[in-house]
Amino acid sequence: MDTVDEEALRTLRHIQRTTTCRTVLITTDIDEQQLVSAAECGVAGVVRRSKATPEHLVHVIGTVARGEGHLPADLLGRLLEEVGRLQAQVLGPRGLHFTGLAPREVDVLRLVADGHDTAEIATRLGYSERTIKNILHSVMTRLQLRNRSHAVAYAMRQGLI
């Protein structure tokens, strides 16, 4: 695609909804917002058209097929800056985080991991037992986790606790 416009994003969303393949976007030009939008549409790799030699494309496709991502170095830096900006200016003020867990959810999971029961967690955090149960239920439902142990394992794998 020459540019990552609305038509391109529609195509990427369609690919994401209708297939299980991982997508590599080859484009002439892309800015930070377009990069974030492409990532939201499931793009796992980006290659500038000027660098799209057969050898480079084979390398990138192999990288993406292994479950890794690929971005030109300058785009990676800009993406990280944009993610930081989004966290600070958009998500943070609303109590949201890229991890999918709010700070109080992390606190509850940390105490569950330490072996505390619902009553102990409620006492330590100053919430009712019902609130603790609601927090755990919300996390498990939202992240499709089976039980408290699964929730703790998820949080540990994500580096949250």
Side-chain angles (χ1 to χ4, degrees), residues 4 6 8-25 30-46 59-161:
V4 184
E6 198 52 45
L9 293 173
R10 269 195 302 277
T11 300
L12 292 169
R13 284 187 202 100
H14 176 74
I15 292 168
Q16 183 184 35
R17 280 192 315 270
T18 59
T19 70
T20 58
C21 67
R22 295 174 50 87
T23 308
V24 175
L25 174 64
I30 189 167
D31 65 23
E32 292 87 354
Q33 186 55 51
Q34 293 166 334
L35 181 59
V36 170
S37 295
E40 289 172 347
C41 293
V43 169
V46 175
H59 169 75
V60 172
I61 290 168
T63 298
V64 169
R66 287 191 303 274
E68 300 172 20
H70 176 82
L71 284 177
D74 67 304
L75 288 181
L76 179 59
R78 293 192 309 199
L79 177 62
L80 291 173
E81 288 174 10
E82 186 68 11
V83 167
R85 188 193 67 72
L86 287 171
Q87 176 62 51
Q89 295 177 3
V90 178
L91 298 177
R94 292 172 176 82
L96 302 172
H97 301 275
F98 279 110
T99 63
L101 297 176
R104 77 179 192 162
E105 293 170 332
V106 172
D107 292 342
V108 169
L109 288 173
R110 187 173 289 118
L111 291 170
V112 169
D114 289 342
H116 298 286
D117 65 19
T118 303
E120 292 170 329
I121 295 169
T123 300
R124 282 181 174 237
L125 297 179
Y127 296 126
S128 70
E129 287 185 47
R130 180 87 246 142
T131 298
I132 299 304
K133 289 178 184 178
N134 287 340
I135 290 169
L136 287 167
H137 181 267
S138 173
V139 168
M140 291 186 292
T141 301
R142 188 173 67 248
L143 300 176
Q144 299 176 351
L145 304 170
R146 292 183 302 275
N147 52 43
R148 289 178 178 218
S149 299
H150 195 194
V152 168
Y154 170 86
M156 290 177 75
R157 279 193 306 273
Q158 297 300 313
L160 302 172
I161 60 173

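Shown here is Gln33, whose CD atom has more than 12 heavy atoms of other residues, nucleotides or ligands within 6.0 Å. Remark: Arg66 CZ is packed, more than 12 non-hydrogen atoms of other residues, nucleotides or ligands lying under 6.0 Å away. For Arg124, the CZ atom is loosely surrounded, since the number of other residues' heavy atoms within 6.0 Å does not exceed 12.
Under the 3.5 Å distance criterion, the side-chain polar atoms of Arg78 are left unmatched by any main-chain donor or acceptor of Glu32. In this structure a side-chain-to-backbone donor-acceptor pair under 3.5 Å is present from Thr63 to His59. Within the 3.5 Å criterion, the main-chain N or O of Ala155 finds no donor-acceptor partner in the side chain of Gln158.
Closest of all the heavy-atom pairs between Val64 and Arg22 is O-NE, 2.7 Å. The shortest heavy-atom contact between Ala113 and Val152 is CB-CG1, 3.6 Å. The two residues Ala151 and Leu145 come nearest to each other via the heavy atoms CA-CD1, 3.5 Å. Residues Ala122 and Glu129 come closest through the heavy atom pair CB-N, 3.7 Å.
Qualifying salt bridge (Lys or Arg N to Asp or Glu O under 4.0 Å) partners for Arg142, counting only residues two or more places apart in sequence or in other chains: Glu105. Legend: residues meeting salt bridge (Lys or Arg N to Asp or Glu O under 4.0 Å) with Glu120, ordered by chain and number and at least two apart, are absent.
The distance from atom CG of Leu80 to atom CG of Leu75, rounded to the nearest 0.5 Å, is 11.0 Å. Rounding to the nearest 0.5 angstrom, the gap separating the NE2 atom in His150 from the CZ atom in Arg157 is 5.5 Å. To the nearest 0.5 Å, atoms NE2 (His70) and CD1 (Ile61) are separated by 11.0 Å. One finds the CG atom of Leu160 at 8.5 Å from the CG atom of Leu109 (value rounded to the nearest 0.5 Å). From Thr118, atom OG1 reaches atom CG of Leu136 across 6.5 Å, with rounding to the nearest 0.5 Å. Atoms SG and CZ, on Cys41 and Arg17 in that order, are 9.0 Å from each other to the nearest 0.5 Å.
Side-chain contact between His116 and Ile132 is absent, with no heavy atoms from C-beta onward closer than 4.5 Å. Val139 has its side chain out of reach of Val108: every pair of non-hydrogen atoms, C-beta onward, lies at least 4.5 Å apart. The closest side-chain heavy-atom distance from Ile135 to Asp107 is not below 4.5 Å.
For Arg13 and Glu6, the salt-bridge test passes: some basic side-chain N is under 4.0 Å from an acidic carboxylate O.
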Could you walk me through whether Val36 and Arg85 pass side chain to side chain contact (heavy atoms under 4.5 Å, CB included), step by step? CA-CA 12 Å; Val36 170; Arg85 188 193 67 72; over 6 Å; no
